[in-house]
Amino acid sequence: MNPPDAPAASPPAPANAGEEALDSFHLIIGGVRTVETRVPLLDNNDRIAAANRAEFAGRRILALNLVSSPGAGKTALLERTLEDFGREVKCGVIVGDLETDRDARRLQRAHVRVAQITTGGCCHLDAGMVARAVAALDLRDVRVLFIENVGNLVCPAAFDLGEALRVVLLSVPEGEDKPLKYPPIFNSADIVLLTKCDLSVHLEFDEEAALANIRRMAPRAQVIAVSARSGRGMNEWQSALRSALGIHPE
Amino acid sequence: MSVHEIGIMESALDAALAQARSRGGGRLRRIVLQVGNLSGADPDSLRFAFTALAPLSEAAGAELDIEPAPGRELNLVRLELEA
């Protein structure tokens, strides 16, 4: 093995016809350099995520990355949250979808700043998309920035956006065992919300089993059962936001 | 099969070719990645992405090895270069 900075070795002598097999054997042993290295493959994303995190910290903004499968209720949760909590604390929303601005329109309110990212087919948000959306969004006075990721339980797990907290939603219709099937995303959660709990009774959903599965796969996460429709758990969710902001009830 | 492994493999090939150039050049024979079970990257999807992308790059003809790892590790850890 040559040291990495050795001058390029002269090519091996051409093989004699009769010794071809022997020569190729020599090539494999003598002609291959092994280079040990350690390059993180998401280095570029992680650098931009670190810059996003620093910008959020500098502006004293709490950024949350909301991830779930499609249709788990991210937008409904935000609609409800913006109506209550959002009137008390200035909120911004960045919402990611493959196509359309339907979610941004659903979330549009006079007291909320909203930006839509259309990824054009990309299955997750990355830190660069968030940085561009942040640059375009007026963040003055904003204390909480919700980043609604593309609906997908797989790909977003790998991409740090610079958030302070990752919130993973699991909806009742998806079934009790989903957390066991998608370990990376649940393992990365700071908060897990079991959503659409008003449907539990209709679907004979075993909430205890679901909560046990969540706690097993997301051991460090705060777990809250919520329903944006009935309002169940919304106080606890909004308390979690307040305590992450350092706002404590008197 | 998820899709983001295409982008991750593009990063892996770029990193491998950059490393190869900075370490004296030579054709890439093998690229070794370390992929954590909680990295969010699926080894089979990475292999598929490699078969699609490597032939179009300067890494054409190279082979891919994936070493399992714990946690969120996702790194290029080794190259084999022809002298």
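Order of the sequence lines fixes the chain letters, A, B, ..., with proteins taken first and strands second; residue numbering starts at 1 for each chain.
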Residue part contacting chain B, namely of A/F159, when any heavy atom lies under 4.5 Å: side chain

Any B/R29 side-chain heavy atom under 4.5 Å of A/R33 side chain: no

A/A157 to B/R72 - nearest heavy-atom pair and separation: O-NH2, 2.9 Å

Taking every non-hydrogen atom, the tightest pair across A/E36 and B/R23: O-NH2, 3.4 Å

Gap separating the CG atom of A/D43 from the OG atom of B/S11, nearest 0.5 angstrom: 9.0 Å

The single option from B/L79, B/V32, B/L28 passing side chain to side chain contact (heavy atoms under 4.5 Å, CB included) against A/V35: B/L79

A/L41 versus B/L76, closest heavy-atom pair with distance: CD2-N, 3.8 Å

Close approach to chain B in residues 62-69 of chain A, criterion heavy atom under 4.5 Å: none

Any B/L38 side-chain heavy atom under 4.5 Å of A/P183 side chain: yes

Between B/Q19 and A/T37: side-chain donor-acceptor atoms closer than 3.5 Å: yes

4.5 Å side-chain heavy-atom contact, A/V39 and B/N75: no

A/R106 CZ: over 12 foreign heavy atoms closer than 6.0 Å: yes

Nearest-0.5 Å distance that lies between atom SG in A/C122 and atom NE2 in B/H4: 10.0 Å

Residue A/R216 excluded, over 12 heavy atoms near CZ under 6.0 Å: no

Heavy atoms of other groups near A/E207 CD, more than 12 under 6.0 Å: yes

Proximal component of B/E73, with respect to chain A [non-hydrogen, under 4.5 Å]: side chain

Check: A/V32 and B/L81 side chains under 4.5 Å, non-hydrogen atoms: no

Closest heavy-atom pair and its distance - A/P184, B/N37: CG-O, 3.9 Å

